[in-house]
Amino acid sequence: MGSHRRLASPGFDRGANAALCVMSAAAAALGVTPATAAPQDDTRAMVDRLYEEAEKATEAYNKADERADALREQVGRAQDRIARQQEHINSKRDVLGSLAGAQYRSGGLDPSLALLLSDDPEDYLDKAAALARISAHQAGELKELQDAMRELAQERAEATGKLVELEKSRKAVAGHKRTVERKLAEARRLLNSLTASDRAAYDRASRSGRMDLPDLGGVGPASGRAAAAVAAAQSALGRPYIWGANGPSGFDCSGLIQWSYAQAGVSLPRTSQGQRYAGRQVPLSEARPGDVVTYRSDASHVGMYMGNGQVIHAPYPGAPVRYDPVGMIPGATVTRV
């Protein structure tokens, strides 16, 4: 959703400047001080700011959603382990029950008295030896049961903690979603408040990117997987920006990069912040096609370098995946995956 500094239409700026000069002259004749900025300029700046804030909230949403997915997997695995451990404990209990029954059936007399009363002392001694072995085995089984029950209690405590954390993550996802939707709704309201001519001028200025293939220069991708990611990103040109989406029918900024590298068999983090550190950082002057380019100090926007100072990215709502200059936002950081 890159709310970047858009390249204004030269014609629009010349017209606006000319109109401002005429207004200034008229105001001077009437003794009135003119406004220093047209209202639509303020509206455009506010829309840009709202898009930037919505993009930051989108990346926070993506991060929370990614965390929730990971926690769901961890909880599922923990529940499987708990079920297996419970089966193991039940089996141990059955074995101990059988041993206890065998011991009871052997009689409860004092061993010396039982030997004295026995019709066949030798047979009794053989049974007593077997009973001693059963008792030793029973003690071992009992210890294993106790260990298994302690492990089960620990697994259940950890699963409970994961469930609490999962619920917090779900609430964070919902909160970030509401923030994004609120920012975007406000941006739409401001855009709808513009006159038809002002809205057309804004749309021309904000859609300076191109869909056709620019001259990308002669520098090739850094690797075969980077080349495959470049091809995937190019295939997404023109697809809509959809916040929270990672393809294939629509993308937000980090979703496009994750999807493109997934087509090359490379798993990248879901967020632009994670993608900034998904490889080795290189100077912008050494950027090669396929490199990941993140923007702002918080890495809240990301694109893919394509060569000759161009990136492909998913800009913001209403602007589809497209090419733009790599310097569209100051402070680019380049990461080679």
Rounded to the nearest 0.5 Å, what separation is found between the [atom1] atom of [X] and the [atom2] atom of [Y]?
| X | Y | atom1 | atom2 | result |
| --- | --- | --- | --- | --- |
| T335 | R280 | OG1 | CZ | 10.0 Å |
| R77 | E155 | CZ | CD | 11.5 Å |
| Q154 | I82 | CD | CD1 | 11.0 Å |
| R67 | R170 | CZ | CZ | 13.0 Å |
| E55 | Y316 | CD | OH | 11.5 Å |
| L256 | Y241 | CG | OH | 11.0 Å |

Less than 4.5 Å apart, any side-chain heavy atom of [X] and any of [Y]?
| X | Y | answer |
| --- | --- | --- |
| D69 | R72 | yes |
| M304 | H313 | no |
| L237 | Y323 | yes |
| R81 | Q85 | no |
| M328 | V311 | yes |
| L184 | W243 | yes |
| R336 | S223 | no |

Side chain Q275, main chain T294, donor-acceptor under 3.5 Å: no

Kindly work out whether a path of hydrophobic side-chain contacts (I/L/V/M/F/W/Y, heavy atoms less than 4.5 Å apart) joins [X] to [Y].
| X | Y | result |
| --- | --- | --- |
| Y51 | M46 | yes |
| I242 | I257 | no |
| V266 | F251 | yes |

CA sep, side-chain torsions, deciding dist, call: R296, E59, salt bridge (charged side-chain N to carboxylate O under 4.0 Å, His left out): CA-CA 13 Å; R296 308 187 188 103; E59 289 306 300; over 6 Å; no

Which atoms form the tightest heavy-atom contact between [X] and [Y], and what is the distance?
| X | Y | answer |
| --- | --- | --- |
| P289 | A226 | O-CB, 3.9 Å |
| S169 | L71 | CB-CD1, 4.2 Å |
| W259 | S235 | CH2-OG, 3.7 Å |
| V173 | D65 | CG2-N, 3.5 Å |
| R270 | A245 | NH2-O, 3.5 Å |
| C253 | S300 | SG-O, 4.1 Å |

H301 and Y295 aromatic ring geometry - parallel, tilted or perpendicular at 30°/60° bounds: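 Plane angle between 30° and 60°, so tilted.
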
Note: K56-D298 ion pair, threshold 4.0 Å (strictly below): yes

SB check E165 K168 (cutoff 4.0 Å): no

Test salt bridge (charged side-chain N to carboxylate O under 4.0 Å, His left out) applied to E186 and R189, step by step: CA-CA 5 Å; E186 178 64 10; R189 187 190 68 77; 2.7 Å; yes

From Q74, E167, Q79, residue fulfilling side-chain hydrogen bond (donor to acceptor under 3.5 Å, both in side chains) relative to K162: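 With K162 as partner, side-chain hydrogen bond (donor to acceptor under 3.5 Å, both in side chains) holds for just one option, Q74.
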
Residue of the set T271, D252, N246 for which side-chain hydrogen bond (donor to acceptor under 3.5 Å, both in side chains) holds with N62: D252

Any donor-acceptor N or O pair under 3.5 Å, side chains Q86, R156: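 Per modelled atom types, Q86 and R156 side chains form a pair under 3.5 Å.
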
Stepwise side chain to side chain contact (heavy atoms under 4.5 Å, CB included) test for M306 and Q234: CA-CA 9 Å; M306 305 302 286; Q234 289 176 328; 3.4 Å; yes

